[in-house]
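None of these values were measured; they are calculated from a predicted model.
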Amino acid sequence: MSLADKLFVEMCKDILENGFSTEGEKVRPKWEDGSSAYTIKKFAVVNRYDLSKEFPALTLRKTAIKSCTDEMLWIWQKKSNNIHELNSNIWDSWADETGSIGKAYGYQMSVKHIYKEGSMDQVDRVIYDLKNNPFSRRIMTNLYVHADLHEMNLYPCAYSMTFNVTQSKKDAGLVLNGILNQRSQDILTANNWNVCQYAVLLHMLAQVCGMKAGELVHVIADAHIYDRHIPLVEELIQRKQHPAPKFWLNPEIKDFYQFTAQDVSLIDYEAGPQIKNIPVAV
């Protein structure tokens, strides 16, 4: 059975059994009917995924790998903050009449900064350092820019990636590892979605920089299950688990900006049915 399923089930059980309830407290999110969306939460959940051993897609229910990749590329490759450049409706609730989500996510990736080596945005800086300074301890991105928070329609949830390169003990090749920092996560709707997105990103960056993908470490400050999601999660974690799928990434692509969602796929992916009509708190 897959490690991703094991970690997900253990995390959900821990939140449900040992978490803190926000019921009755002052909370920002609301349900569509206007009532407060309370949660059961755990502080500082850390999950580690070894991408050299398996791809961390849940088999309890299927994760749409092309859709989650498309959203990741919308931020990291297109560096966009406009939903009209995204092939899904995920961000519709936070977009204005022009389709903009404000100075959030892709916008921050598009901003150029001055370095000794020249003017680059955060993505290009990561790629430059991975190719030229792979053992630097300063290879990271940050989307949580306080000066721009007042112009963001939603504060970034997954806000920082820190990359770290090690050497393989097998063949002395370079291995790309990463830490995804997330201030807040809706476990049912977003956990495996984000894990798969950043697993794909690590694989893509590793390929274009002549490395292999290693560990993805996911740190969640506020890992929560919404009150109306509890029965859905309880049913989900009781489902049959299957072996992890195999990950395919188009080996012909050597430039990060040439990847599309069609360049990824999951092979032998057996998973349970989707959970339909999940209520979303906004």
Side-chain angles (χ1 to χ4, degrees), residues 15 22 25-45 63-64 67-111 121-123 140-162 178-198 200-201 218-229 232 261 275 277-282:
I15 294 171
T22 64
E25 302 295 336
K26 180 180 179 181
V27 295
R28 178 194 58 79
K30 304 287 184 184
W31 295 114
E32 283 189 1
D33 60 13
S35 60
S36 294
Y38 297 118
T39 64
I40 298 178
K41 62 181 240 181
K42 285 281 290 188
F43 169 65
V45 170
T63 296
S67 295
C68 74
T69 297
D70 181 70
E71 187 197 23
M72 181 275 290
L73 291 175
W74 178 63
I75 298 169
W76 281 76
Q77 188 194 76
K78 293 180 181 178
K79 302 165 190 174
S80 174
N81 64 343
N82 195 290
I83 62 170
H84 298 313
E85 297 183 79
L86 180 63
N87 299 312
S88 70
N89 303 110
I90 297 169
W91 289 92
D92 288 9
S93 298
W94 291 278
D96 64 20
E97 63 278 0
T98 71
S100 172
I101 61 169
K103 291 185 176 181
Y105 286 97
Y107 172 88
Q108 296 298 335
M109 289 301 199
S110 73
V111 176
D121 62 41
Q122 293 190 63
V123 179
M140 61 185 296
T141 60
N142 178 36
L143 301 179
Y144 208 90
V145 179
H146 286 259
D148 290 336
L149 289 178
H150 69 291
E151 295 186 67
M152 297 183 189
N153 295 358
L154 178 69
Y155 289 7
C157 295
Y159 67 90
S160 173
M161 272 294 285
T162 302
I179 300 175
L180 170 62
N181 277 294
Q182 195 150 1
R183 64 169 178 83
S184 171
Q185 186 172 71
D186 175 346
I187 295 300
L188 179 62
T189 64
N191 179 260
N192 199 240
W193 183 269
N194 290 145
V195 169
C196 287
Q197 285 181 319
Y198 284 87
V200 170
L201 177 66
H218 190 195
V219 181
I220 313 168
D222 189 305
H224 53 265
I225 297 173
Y226 280 101
D227 49 9
R228 296 185 185 181
H229 293 175
L232 301 176
I275 301 175
N277 302 317
I278 298 176
V280 177
V282 177

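Under the 3.5 Å distance criterion, with hydrogens and angles disregarded, a donor-acceptor pair is assigned to the side chains of S35 and R228. Inspection of the D96 and T98 side chains reveals an N or O donor paired with an N or O acceptor under 3.5 Å. Using modelled atom types, one finds no donor on one side chain facing an acceptor on the other under 3.5 Å when comparing Q122 with T141.
Minimum interatomic distance between M161 and G178 (heavy atoms only, all atoms of both residues): CE-CA, 4.2 Å. When all heavy atoms of P279 and L232 are compared, the pair lying nearest together is CD-CD1, 4.3 Å. For the pair H84 and N82, the tightest heavy-atom approach, listed with the atom from each and the gap, is N-OD1, 2.9 Å. For the residue pair Y38 and T22, the shortest heavy atom distance occurs at CD2-O, 3.2 Å. Of all heavy-atom pairs spanning L180 and A158, the tightest one is CD1-CB, 3.9 Å. The minimum heavy-atom distance between A281 and P29, with the atom names listed, is CB-CB, 4.0 Å.
In this pair, Y144 and Y155 present their aromatic rings perpendicular. The plane angle is above 60°, beyond the 30 to 60° band.
Atoms CD1 and CD1, from I15 and I187 in turn, are 4.5 Å apart once rounded to the nearest 0.5 Å. Separating the CG atom in D227 from the OG atom in S36 is a distance of 9.5 Å, to the nearest 0.5 Å. The line from OG1 of T162 to CG of N142 is 9.0 Å long, rounded to the nearest 0.5 Å. One distance of note links CD1 of I90 with OG of S67; it measures 7.0 Å at 0.5 Å rounding. I83 CD1 to E85 CD: the interatomic distance, rounded to the nearest 0.5 Å, is 11.0 Å. Atom-to-atom distance recorded for D70:CG and S88:OG is 6.5 Å, nearest 0.5 angstrom.
Side-chain contact between K78 and L73 is absent, with no heavy-atom pair separated by less than 4.5 Å. W91 places a side-chain heavy atom less than 4.5 Å from the side chain of L154. Contact annotation: the side chain of T39 never approaches that of I225 to less than 4.5 Å [non-hydrogen atoms, C-beta and beyond]. At a threshold of 4.5 Å between non-hydrogen side-chain atoms, the residues K30 and V282 do not count as touching. No side-chain heavy atom of Y159 sits less than 4.5 Å from a side-chain heavy atom of V145. Using a 4.5 Å heavy-atom threshold, the side chains of V219 and I179 count as touching. When side chains are defined from C-beta on, L188 counts as touching I275, because their heavy atoms get closer than 4.5 Å.
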Side-chain atoms of residues 189-196: list all donor-acceptor pairs with protein atoms under 3.5 Å, sequence neighbours left out, distances to 0.1 Å.
unit_1 : atom_1 : unit_2 : atom_2 : d
T189   : OG1    : D186   : OD1    : 3.4
T189   : OG1    : D186   : OD2    : 2.8
N191   : ND2    : Q185   : OE1    : 2.7
N192   : OD1    : L58    : N      : 2.9
N192   : OD1    : T63    : OG1    : 2.7
N192   : ND2    : P56    : O      : 2.8
W193   : NE1    : E71    : OE1    : 2.6
N194   : OD1    : Q182   : NE2    : 3.0
N194   : OD1    : Q185   : NE2    : 2.8
N194   : ND2    : Q197   : OE1    : 3.0

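No donor-acceptor distance shorter than 3.5 angstrom exists from the side chain of N81 to the backbone of G106, with no hydrogens or angles considered. Remark: side-chain polar atoms of R183 are not paired, donor with acceptor, to backbone N or O of A221 under 3.5 angstrom.
In this structure E151 satisfies the salt bridge (Lys or Arg N to Asp or Glu O under 4.0 Å) test together with K103, sequence neighbours excluded. Here K41 pairs with D222 under the salt bridge (Lys or Arg N to Asp or Glu O under 4.0 Å) rule; sequence neighbours left out.
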Exercise for the section: Could you walk me through whether D121 and S110 pass side chain to side chain contact (heavy atoms under 4.5 Å, CB included), step by step? Expected result: CA-CA 6 Å; D121 62 41; S110 73; 5.7 Å; no
Handout entry: Trace of the side chain to side chain contact (heavy atoms under 4.5 Å, CB included) decision for M152 with Q108
Key = CA-CA 10 Å; M152 297 183 189; Q108 296 298 335; 3.7 Å; yes
Handout entry: Worked verdict on Y105 versus W74 for ring pair (Phe, Tyr, Trp, His ring centres under 6.0 Å)
Key = CA-CA 9 Å; Y105 286 97; W74 178 63; 7.5 Å; no
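Heavy atoms of other residues, nucleotides or ligands lying less than 6.0 angstrom from CG of N277 number 12 at most.
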